[in-house]
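First comes the structure, then the notes that go with it.
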Amino acid sequence: MHIGVLALQGAFREHIVMFESLGVRATAIRMPSQLAELNGLVIPGGESTAIAKLMLSYGFYDPIRQHHSAGLAIWGTCAGAILIAREILDAVPGQESLGLMDITVRRNAFGRQVDSFEADLDFAHLEDGTFRGVFIRAPWIEELGADVEPLASHEGMVVAARQGDLMATAFHPELTGDPRVHRFFAEHVVAS
Ligand code: GLN
């Protein structure tokens, strides 16, 4: 098992540390050619507009789409969830997503009330109680296609979801020290 973390901008180091703590090999991905050896890819949180610009200039869009078609599992956290969504609401003009997962996300959705907060979430399939969600100018998932399973909600809005080998979390599991969502991705989403 080898998981890559897109390392153009944002919270990528924390994901690598988390996978390594589980004994999973994890690598910072800076060039599209590195995608070939991966079973899973994480697109981290950060600023989706900045990550999108860098993805465009490094030529990541088509290679990520092609590798996903060939079996690469993908997990987007926060900005990453925005980037894998089929549709982005409150996008900046021209902001392009990968359009892989059948969800509609709204950028900075909670941020209209408050920029950052933490909340205990009931995360489907995780044992040992609730999961502490760290939300930083987070999106929410406003619409889910028929094949998309909601995994967690906050205040009635879906904040984590899965569609086969795709997963989106609006919050930052890499910032909590709790590896259960990383283990879920490695054991269930990548292996699916
Ligand atoms: N608000 C950011 C965006 O639109 C996402 C924030 C985050 O990833 N923590 O890209």
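Worth knowing before you read on, the calculation uses all heavy atoms, side chains too, and leaves out hydrogens, waters and symmetry mates. Remember, it's 1-based here, ligands and their atoms both numbered in the order they're listed.
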Does the pair Thr130 and Leu121 meet the rule for a side chain to side chain contact (heavy atoms under 4.5 Å, CB included), with working shown? CA-CA 5 Å; Thr130 56; Leu121 306 170; 5.9 Å; no
Report the C-alpha distance between Ile43 and Leu98 in whole Å, list the side-chain angles of each, state the deciding distance to 0.1 Å, and finish with yes or no for side chain to side chain contact (heavy atoms under 4.5 Å, CB included). CA-CA 11 Å; Ile43 303 181; Leu98 287 158; 3.7 Å; yes
Given the rule in the salt bridge (Lys or Arg N to Asp or Glu O under 4.0 Å) test, do Glu187 and Arg180 qualify, once you have shown the distances and angles that lead to the verdict? CA-CA 10 Å; Glu187 288 183 357; Arg180 286 178 294 160; over 6 Å; no
Taking it one step at a time, do Ile3 and Arg25 satisfy side chain to side chain contact (heavy atoms under 4.5 Å, CB included)? CA-CA 6 Å; Ile3 292 180; Arg25 183 173 169 214; over 6 Å; no
Is there a side chain to side chain contact (heavy atoms under 4.5 Å, CB included) between Asn108 and Asp90 once you walk through the steps? CA-CA 8 Å; Asn108 302 336; Asp90 294 336; over 6 Å; no
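Residues Leu41 and Leu6 approach most closely at CD1-N, 4.0 Å, considering heavy atoms.
At least one side-chain heavy atom of Phe117 sits under 4.5 Å from a side-chain heavy atom of His154.
Considering only non-hydrogen protein atoms, atom 4 (O) of ligand 1 sits nearest to Arg107 NE, 2.7 Å. Among protein heavy atoms, the minimum distance from atom 5 (C) of ligand 1 is reached at Gly46 O, 3.4 Å. Here the heavy atom of the protein found nearest to atom 1 (N) of ligand 1 is Asn108 OD1, 2.5 Å. Nearest protein heavy-atom neighbour of atom 7 (C) of ligand 1: Cys78 SG, 2.7 Å. Counting protein heavy atoms only, atom 10 (O) of ligand 1 is closest to Ser48 N, 2.4 Å.
Taking any N or O of Thr49, backbone or side chain, none lies under 3.5 Å from an N or O belonging to ligand 1. For His172, a nitrogen or oxygen atom sits less than 3.5 Å from a nitrogen or oxygen atom of ligand 1, counting backbone and side chain alike.
Interface atoms of ligand 1 facing Ile82, defined by a heavy-atom separation under 4.0 Å, are 3 (C), 4 (O), 10 (O). Each of the following atoms of ligand 1 lies closer than 4.0 Å to a heavy atom of Ile136: 6 (C), 7 (C), 9 (N). Near Gly45, with a cut-off below 4.0 Å to any heavy atom, the atoms of ligand 1 are 8 (O).
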